[in-house]
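So you know, we letter chains A, B, ... as the sequences are listed, proteins then strands, and number each from 1.
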Number of protein chains: 2
Amino acid sequence: MKSGIAHIVDDDDAIRDALAWLLRSRGLTSQSWASAEAFLADYLPDMRGCLVLDIRMADMSGLELFDRLLALGCTMPAIFLTGHGDVPLAVQSLKKGAFDFIEKPCNDNDLVDRIIAALALDYEQRKHAASTQSIEVRLRSLTTREREVMDRVLAGQYNKVIAAELNIAMRTVEVHRSRIFEKMDVKSAVELAQLLAGGQQD
Amino acid sequence: MKSGIAHIVDDDDAIRDALAWLLRSRGLTSQSWASAEAFLADYLPDMRGCLVLDIRMADMSGLELFDRLLALGCTMPAIFLTGHGDVPLAVQSLKKGAFDFIEKPCNDNDLVDRIIAALALDYEQRKHAASTQSIEVRLRSLTTREREVMDRVLAGQYNKVIAAELNIAMRTVEVHRSRIFEKMDVKSAVELAQLLAGGQQD
DNA sequence: GGGGCGCTTGCGGATATCCACAATAGCCCT
DNA sequence: AGGGCTATTGTGGATATCCGCAAGCGCCCC
């Protein structure tokens with residue numbers, strides 16, 4: 001399987017080139033942008049890999065870029081590079097979910113290690129998200145009525161009670177119930193409960 | 001309900017006193033120690049509140065103390081105080097799970113705010129842990145056989161199948177099953193599945 | 001107007017689950 | 001030896017669930 005690529009955003013040509021060279025020499029793929037704006041313009045939700053962002057850049061900082069990306073639903077791990085040891089900034093970045101915050105100049109091996117770790121994290125995250133999404137797709141295939149019934153099935157109510165609550169016949173509940181199991185690809189209420197509790201709640 | 005207290009560990013008498021005074025003036029309770037060793041000696045698992053640790057101390061640093069406490073199962077949020085802006089140290093601390101990392105001198109209001117937030121987090125964490133623990137207590141009250149049956153019930157197997165697998169009569173499975181529901185304080189397999197999936201896995 | 005889809009219901013039977021009542025047996029501890 | 005706990009099984013009945021077969025009704029779209 002193809003691994004993600006490192007998305008480098010730095011307004012310093014020399015650093016971009018050095019990073020690209022370093023990564024290529026270690027067998028990693030990267031792509032570079034000279035500004036936050038440029039990256040944002042190219043950003044696509046299906047990009048995979050990690051971010052390597054310079055904190056201090058003209059116009060838009062790496063941290064602000066990260067904020068924007070988060071708002072766009074980007075989940076790639078971000079490694080921030082900073083030239084001047086600013087503790088509050090580091091704290092702020094990490095609290096926002098940065099993967100790492102590294103001071104320049106830094107050891108090449110360490111940086112590469114962190115990037116590899118970030119790429120691996122992204123891979124794991126996507127693998128996990130895939131299963132969660134498949135659940136959501138199935139959930140969306142349920143009709144309104146089926147959702148209502150499912151909620152009550154998950155609450156452990158008997159078909160009889162559900163029927164009374166929804167003012168429909170028990171047989172109807174049974175039909176919805178089988179359809180729910182069929183659509184959700186489970187064979188019992190227990191499996192359904194585990195599927196939903198294990199993935200993500202409704 | 002009583003809120004937790006701030007546990008201050010700093011080898012500088014003046015700072016300890018200043019912090020204690022500041023917190024008391026804001027209606028918060030605190031207790032101070034002059035060294036990591038002293039705190040470790042007094043540490044009890046049922047302490048609640050937050051930690052306010054000086055990073056640089058003789059013998060054992062605040063970070064090392066935090067490590068030791070984590071190993072002891074301590075879950076109190078830790079706020080680190082540092083006098084010299086050391087970015088790698090900040091990054092390291094936060095990655096280890098520090099609640100915050102603040103440079104001295106710092107704004108009193110900000111510090112108090114962070115301490116209040118940490119105390120609130122500890123409260124929430126304990127509230128959540130309480131329910132998880134209650135589940136585990138109940139789980140431990142199950143006999144070996146009951147666990148075996150429960151595992152299979154959660155796998156969605158019919159009593160008949162479970163009975164065949166365990167080489168016992170179906171009736172026996174039914175008995176175990178009711179006992180499981182009774183001990184776990186649920187009334188159906190669905191509830192059981194949700195309880196376990198929602199809390200923590202076996 | 002016909003067709004697809006969602007929601008509804010009934011009948012009847014095969015299976016499963018839930019439970020009270022009743023009982024046997026092994027193991028550990030006092 | 002007796003008591004407590006765990007595991008085991010049976011009988012029999014009340015409830016529930018699972019399903020195939022069959023069908024009516026309303027809504028939306030081509």
For A/R145 and C/dG6, what is the distance between atoms CZ and C1' respectively, to the nearest whole Å?
11 Å
Here the pair of heavy atoms bringing A/R68 nearest to A/L40 is NH1-CD1, 3.8 Å
Closest to the side chain of A/Y158, out of D/dT9, D/dT17, C/dG6, is D/dT17
For A/E182 and D/dG20, give me the distance from atom CD to atom C1', rounded to whole Å.
14 Å
How long is the line joining CE of A/M170 and P of C/dG12, in whole Å?
15 Å
Among D/dT6, D/dT9, C/dC18, the one nearest B/R177 by side-chain distance
C/dC18
Is any side-chain nitrogen or oxygen of A/N159 closer than 4.0 Å to OP1 or OP2 of D/dA16?
no
Measure from CZ on A/F181 to C1' on D/dA16 and round the result to the nearest Å.
13 Å
Can you tell me which residue among B/H176, B/K183, B/R177 is in a side chain to side chain donor-acceptor pair (under 3.5 Å) with B/E146?
B/K183
Short side-chain N/O contact from B/T172 to OP1 or OP2 of D/dT9, under 4.0 Å:
yes
More than 12 heavy atoms of other residues, nucleotides or ligands under 6.0 Å from CZ of A/R179: yes or no?
no
Given A/K104, which partner from the list A/D54, A/D12, A/T82 fulfils the side chain to side chain donor-acceptor pair (under 3.5 Å) test?
A/D54
Within the pair A/R171 and C/dC11, is there a side-chain N or O less than 4.0 Å away from OP1 or OP2?
no
I need the CG-C1' distance between B/L166 and D/dT6, as an integer number of Å.
15 Å
With DNA chain C as reference, determine whether A/E174 or A/R179 sits nearer its 5' end, using the nearest nucleotide of each.
A/R179
Could you state the atom-to-atom distance from CD of B/Q157 to C1' of C/dT17 in whole Å?
16 Å
In terms of side-chain heavy atoms of A/K160, which of D/dA16, C/dA16, D/dT8 is nearest?
D/dA16
Please work out if B/T144 contacts a base, only the sugar-phosphate, or nothing of the nucleic acid, heavy-atom cut-off 4.0 Å.
sugar-phosphate
Please report, rounded to the nearest Å, how far the P atom of C/dC7 is from the CD1 atom of A/I180.
10 Å
Tell me: CD1 of B/I162 to P of D/dT9, nearest whole Å?
14 Å
Determine whether more than 12 heavy atoms belonging to other residues, nucleotides or ligands lie under 6.0 Å from atom CZ of A/R56.
no
Taking the side chain of A/H176 as heavy atoms from C-beta outward, which of D/dC18, C/dC7, D/dA7 is closest to it?
C/dC7
Examine D/dC5: is either OP1 or OP2 under 4.0 Å from a nitrogen or oxygen in the side chain of B/T143? Give yes or no.
no
Side chain of A/V175 only, heavy atoms from C-beta on: which candidate in C/dT8, C/dT17, C/dC7 is closest?
C/dT8
